[in-house]
Amino acid sequence: MRWSQAFIPTLRDDPTDAEAASHRLLVRGGYMRQLMSGVYSLLPLGYRVRSKVITIIREELNAIGGQELLLPALHPREIWEQTGRAESMADILFTLSDLRGGDAILGPTHEEIFATVATELTSYKQLPQLWYQIQTKFRDEARPKSGLLRVREFTMKDSYSFDVDDAGLDQQFDRHFAAYTRIFERLGVTAVAVEASSGAMGGSDSIEFIVPSPAGEDDIAHCPACGYAANVERASSTIPSFHDEPGPDQPERFPTPGVHTIVDLEEFEGGASAERQIKTLVYVLDGEPTLVLLRGDHELHEQKLQDGTGAIDIRPGQPDEIRELLGADAGSLGAVGVTGPRILADLQLADRSNMVTGANLDDHHLRGVDVGRDIAVTEWLDLRTVAAGEGCPQCGEPLEVFRGIEAGHIFKLGTKFSKALGATVLNADGVPVPLVMGSYGIGVERNMAAAVEMNHDDTGIIWPVSIAPYEVVITAVKVDDEATMTVANRLYDDLNEAGIDVLIDDRNERPGVKFNDAELIGIPYRVTVGPRGLASDIVELADRCTGEKSELQIEAAAQELVRIVTRAR
RNA sequence: CGGGACGUAGCGCAGCUUGGUAGCGCGCAUCGUUCGGGACGAUGAGGUCGCCGGUUCAAAUCCGGCCGUCCCGACCA
């Protein structure tokens, strides 16, 4: 491509509304433009990167036996009602109606539709099957952000596996794990595999691939010693057990005027340290008020609450709901003697005694509470948020917590969707069994952004060769110098012929402008052709990643570049 | 959905307090001089001041409503 003919609208200034590095650089480098919140147009450079990402994904999926197909983005609402997700995912569904008055949904993911197609499978002999597509998803995110990292319309590679039993699913899951590992390697992003919550997907097991980055939105608990890694939505940890002094035979109520928080009670004369307090929260789970208990210094993780209870709709109770339920305001709540609502308690409260909690009477608390004796716990769950420094659940060494971008997610779905939609086959015994499904997703544009987050500097993007829009840029220093253009054009032709993606900067601009643009858009190799080098029969090679410069003999330049680029791919 | 900020030329911004001809830098076009790390001079083109309504002789500016965008939080694959 000749830069003079290309549409590469680079900007001198950073766009003000772009915070994340990938957002800022992709806009400034002329890769994309925003159309509306969370919706972007990919310009020629952006489209080239996207195509390369897709090619890599496609190659790796084909390598594990995936069959590519294409399903609609427009779905009838009824199918989504059959699995209950019209309701459970309602807040992110784009919905529309057609001329017949029917309701339609723009697909946010495709489990329902793949399962529908899979109803045509009839025998275990046809299994396993692995189908995938590379297709546009629509999710009406409450808060799109950070350019391509969190958008409302995006391309996803989603694959779905169908097996007759769990053993088959496990195999397909493991194959995807390996394929994903190769994909991220080839994309030039380091992704860490972590245990994750399945969220709205349901199913038994799921693994996220997380690219460490402060621009991400997921917190990962990681053990440097043994390699344990889990999203905090799911991570557990060990903490020292707490030794309780013996307490009274029954709880004692005492006045605590003005005490409304854990900290207040710690500082209150006759109060207790946070470790000795029981925090009582009121949540409404699918319309049902529920008490949630944790140790005073522990934070609830709502995803754990949702996963642990299977609730679809989950929210903190309103002040009036709390008062109606317990007869007191937040700050004086407790579960002692409460019998109506469900009481969910964090595991760390088990066997604790002589603790302090609210008395369900404003400005009063109870001391000497023995959890097992005094509170009618309905269910014990892991509800607390893991914190850095706590013990690894596998080896006990201190955990680290880091931020990252969810670059991919693979799920063992089980039979949730096949049962709901009637996708069954006959097994070897002639008995109809629901297909055992897995689903596996990678966000294409999100991975482009993740690659930029990981690979950039002050002057611009540093693309991995594998997904760079062009592998080589030839910078012709002086376009009205005949010798320069002869050499530059010949090199351009030779590289093109050798199958190298090459861009020649033949614009009539000053060299500084060209160098800066080349670095901004992040082409891995820049070859400078100009009178200065030509005088000694050389062109200059600059490596965008290392910053190193070297000289190439003109006659050997094309061959040498082909060798370098081919090796780096 | 809660909190905060912003909307004026392709991009980055000033002007608004105190109402009166819409400005600056970059970019763009033409010409000239330049040319190995974002040149210089000259001459130009380009704007329903987010939208609707109100006040006023007069609104980018004051008032009301709406829309849009970003950031923090909540939520989310």
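Worth knowing before you read on, the calculation uses all heavy atoms, side chains too, and leaves out hydrogens, waters and symmetry mates. If you're wondering where the values come from, they're calculated on a predicted model, not measured in any experiment.
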Touch class at under 4.0 angstrom, heavy-atom based, for A:E302 against every strand present: sugar-phosphate
Residue matched to B:G7 through Watson-Crick or wobble contacts both under 3.5 angstrom: B:C67
Protein-nucleotide distance (A:L281, atom CG; B:A74, atom P), rounded to Å: 15 Å
Pair assignment for B:G2, Watson-Crick or G-U wobble, requiring both distances under 3.5 Å: B:C72
Identified pairing partner of B:U34, criterion: Watson-Crick or G-U wobble below 3.5 Å: none
Short side-chain N/O contact from A:T16 to OP1 or OP2 of B:C13, under 4.0 Å: yes
5' precedence on RNA chain B between A:G38 and A:R28 (nearest-nucleotide basis): A:R28
Presence of donor-acceptor pair under 3.5 Å, side chain of A:K549 and base of B:G36: no
B:A9 versus B:G50 - spacing of their P atoms, nearest Å: 8 Å
Minimum-distance nucleotide to A:P511 side chain [options: B:G37, B:U69, B:A74]: B:G37
Opposite nucleotide pairing with B:C13, Watson-Crick or G-U, both atom distances under 3.5 Å: B:G23
P gap between B:A22 and B:G47, integer Å: 13 Å
Closest to side chain of A:R143, choosing from B:C71, B:C75, B:U69: B:C71
B:U8 and B:C13, which share atom name P, separated by this distance in whole Å: 10 Å
Between B:G27 and B:U18 - P atom distance, rounded Å: 38 Å
Criterion side-chain hydrogen bond (donor to acceptor under 3.5 Å, both in side chains) on A:Y283 and A:E302, from CA distance to verdict: CA-CA 10 Å; A:Y283 267 78; A:E302 288 193 5; 2.6 Å; yes
For A:F515, the option from A:L520, A:T475, A:V473, A:D505 that meets side chain to side chain contact (heavy atoms under 4.5 Å, CB included): A:T475
A:Q34 side chain near B:C70 phosphate (N/O to OP1/OP2, under 4.0 Å): yes
Distance, rounded to the nearest Å, where A:N516 contributes CG and B:G27 contributes C1': 15 Å
Listed nucleotide nearest any side-chain atom of A:E19, set B:C71, B:C75, B:U34: B:C71
Whole-angstrom distance between B:G54 and B:G19, as gauged at atom C1': 15 Å
A:E509 (side chain) and B:G38 (base): donor-acceptor pair under 3.5 Å: no
Geometric cation-pi criterion, A:K412 with A:F173: 6.0 Å, 45°: yes
Closest non-hydrogen atom pair between A:Y492 and A:M1, with its separation: OH-N, 2.6 Å
Closest non-hydrogen atom pair, A:I523 against A:P469: CD1-CG, 4.1 Å
Spacing of A:N508 atom CG relative to B:C31 atom P, expressed in whole Å: 12 Å
Spacing of A:L35 atom CG relative to B:C70 atom C1', expressed in whole Å: 16 Å
Under 3.5 Å on both distances, the Watson-Crick or G-U partner of B:A29: B:U43
P-based separation of B:U30 from B:C71 [nearest Å]: 38 Å
B:G12 base / A:R24 side chain donor-acceptor hit below 3.5 Å: no
Under-4.0 Å salt bridge between A:E111 and A:R85: yes
First encountered from the 5' end of RNA chain B, between A:T528 and A:D14: A:D14
Gap between atoms CZ and P, on A:R33 and B:U69 respectively (whole Å): 17 Å
Gap between atoms CZ and C1', on A:R12 and B:A39 respectively (whole Å): 10 Å
B:U55 pairs with, by Watson-Crick or G-U criteria that keep both distances under 3.5 Å: none
Minimum-distance pair of heavy atoms, taken over all atoms of A:L169 and A:S161: CD1-OG, 3.9 Å
Nearest-Å distance once atom C1' is located in both B:U17 and B:U33: 46 Å
Test item: A:R152 side-chain N/O and A:S37 main-chain N/O as donor-acceptor pair under 3.5 Å: yes
For atom CD of A:Q306 and atom P of B:A74, their distance in whole Å: 15 Å
Touch class at under 4.0 angstrom, heavy-atom based, for A:G441 against every strand present: nothing
Options B:U69, B:G37, B:G25, nucleotide nearest the side-chain atoms of A:R526: B:G37
Nucleotide forming a Watson-Crick or wobble pair with B:U48, both distances under 3.5 Å: none
Rounded distance in Å - CG (A:D505) to P (B:G37): 15 Å
Between B:U69 and B:C28 - C1' atom distance, rounded Å: 26 Å
Sugar-phosphate, base or nothing in reach of A:P531, heavy atoms under 4.0 Å: base
Sugar-phosphate only, base, or nothing, as touched by A:M156 at under 4.0 Å among non-hydrogen atoms: nothing
